[in-house]
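Here is the naming used below: chain letters follow the sequence lines, and residue numbers restart at 1 for every chain. Just the heavy atoms: all of them, side chains too, but no hydrogens, waters or symmetry mates, feed the values below.
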Amino acid sequence: MDVLAFYVFGAIAVIASLLVVGQGNPMHSVMLLIVSFGALAGLYVLLDAPFTAVTQIIVYAGAIMVLFLFVVMLLNVPREEPAPPNVSALLGPTGMRLGVVLSLLLGAEILWALGRVGIGWFTQGSSEKSVSSVALIGSGIFLRHAFAFEATSVLILVAMIGAVVLARREHS
Amino acid sequence: MSWVPAPEIIAKLGLIFVVFNMLVLSAAFMVWMERKVCAYIQDRSGPNRVGFEGVLQPFADVIKLLFKEQLKPKAADTILFAIAPIVSTAAAFAAFSVVPFGTEVNPFGLLEHPIPLEITDVNVAVLVIFAITSMGIYGIVLAGWSSNSKYSLLGGLRSAAQMISYELSYGLAMVAVIMMAGSLSLRDIVINQSGTWFGFIPRWYIFLQPLGFLIYLIAGVAETNRAPFDFPEAEQELVAGYHTEYSSMSFAMFFLAEYINMVTVSAVATSLYLGGWLGPILPDWLGWVWFLVKVFLILFFYVWMRWTLPRYRYDQLMEFGWKWLLPVAVLNLFVTAALVLWVG
């Protein structure tokens, strides 16, 4: 039963994610991305982490994608325009070659990392303690990882202030 | 006889069937009550032709809507236009699945173990409601966008902005209760409210969290797009808002979703602040009667408010949400946290 659910959710996530890239209409892409997030949340439930699953829905599918929708609706782009030829250096032959090199590097890096941890790491089964307890997550974040957590929030705050400053800059 | 499912599963399926139909019926009842109360407030009689005092009016409406033609604007986005009402209604129904409405019962002693009166008890129930409600926004936004009409688009945008703004205060009010109960499960929160102070005041959280209850009610009205916060469908400005272009049954689905959302918000308020199914006099297994009474009172309050208060202006709504309700909710949260920490 669990295995079946895993394949169903996994298939939905992969297919929806692929379709996100393949859509001409940005609105459809946003909707498919939400479907993909929903399937991911299903996978989290199967991993015995309902809190993570619900957070995934609230934060990503609920909050962030609504912002995406806002942007798409306000810009009101019915179709993605085809890229004008050679407008950017990245789309020229040099940029493309660079892209190929970068993706090859990424592939090599993944292979190297996989080689280091060994394939046994994936077949170990679930870890000894599931993260379903909200209290456990809370004390983990605010006691053990308090510094990293607060540092991240400061980082996000800085990014927010930066965005506001950039958006409100007067053109003199 | 191994192919016969366990009695527990049959009982659970029966429960789901009952809850689903009760939700539909409650929406029908709300339509009737709204028209009747509105009529009395305006010194009219309201619907009184179909059935006794017009109680069958909502069913007559549904039959009429079913036989109407389904229209679609030529330039509408076909897929999203069809999906939008489904998303709205599905989210409205799903949110109720984690609301408990009674203690454990054993109908006629047929089961080995008594089953709790709720569809499922998740240990993150409050968050589940929150997540499903945030999915409901998409139904409205998609309806607004896919109709390809300026009124619908404005209605959809307003609704999304309003729901995002008030969801924060709504959530913060809930967090205060969660801290006092020490649990995210609605069943545990209700059980924590059992007992009395001095023998006659029930230990409901409304007495410990009066401000939180007020914030929850106000934000709940905004979340369900009801008057005086019904901007998404402000008829004088936007025709009918996001469902301007919808007709027939797809229009009825938005209507159904709106009323079921109201029922859910009231049911959650009952569980969080009014002690859920707990109450005096009645035996334990009839607790759901208390639950229904409390939910009904909140719903009546909603209807009463809608026909009494005029609509706000849009900038007033935003200013109230961000500059008043949110700071008060944060303050309420901090005070509650401090009290829970020091007093216990």
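Options A/Gly38, A/Ala41, A/Ala61, A/Ala53 differ in how many heavy-atom pairs under 4.5 Å they form with chain B, and the most are formed by A/Ala61. For the options B/Ile83, B/Ile137, B/Val128, B/Leu80, heavy-atom pairs under 4.5 Å to chain A are most numerous at B/Leu80. Residue with the most contacts toward chain A among B/Thr133, B/Val141, B/Leu157: B/Leu157 (heavy-atom pairs, distance under 4.5 Å).
Here the CE atom belonging to A/Met65 is positioned 12.5 Å from the OG atom belonging to B/Ser134, to the nearest 0.5 angstrom. Here B/Leu127 contributes atom CG and A/Ile58 contributes atom CD1; the two are 4.5 Å apart, rounded to the nearest 0.5 Å.
Residue A/Leu67: no heavy atom, backbone or side chain, is found under 4.5 Å from chain B.
In this structure, A/Phe68 places its CZ atom where only 12 or fewer heavy-atom neighbours from other residues, nucleotides or ligands lie under 6.0 Å away.
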Steps toward side chain to side chain contact (heavy atoms under 4.5 Å, CB included) verdict (B/Met163, A/Val66): CA-CA 10 Å; B/Met163 285 171 119; A/Val66 165; over 6 Å; no
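No donor-acceptor pair closer than 3.5 Å links the side chain of B/Tyr138 to the backbone N or O of A/Met31.
Partners of A/Leu43 according to the side chain to side chain contact (heavy atoms under 4.5 Å, CB included) rule, which considers only residues two or more places apart in sequence or in another chain, are A/Phe6, A/Phe9, A/Leu40, A/Leu46.
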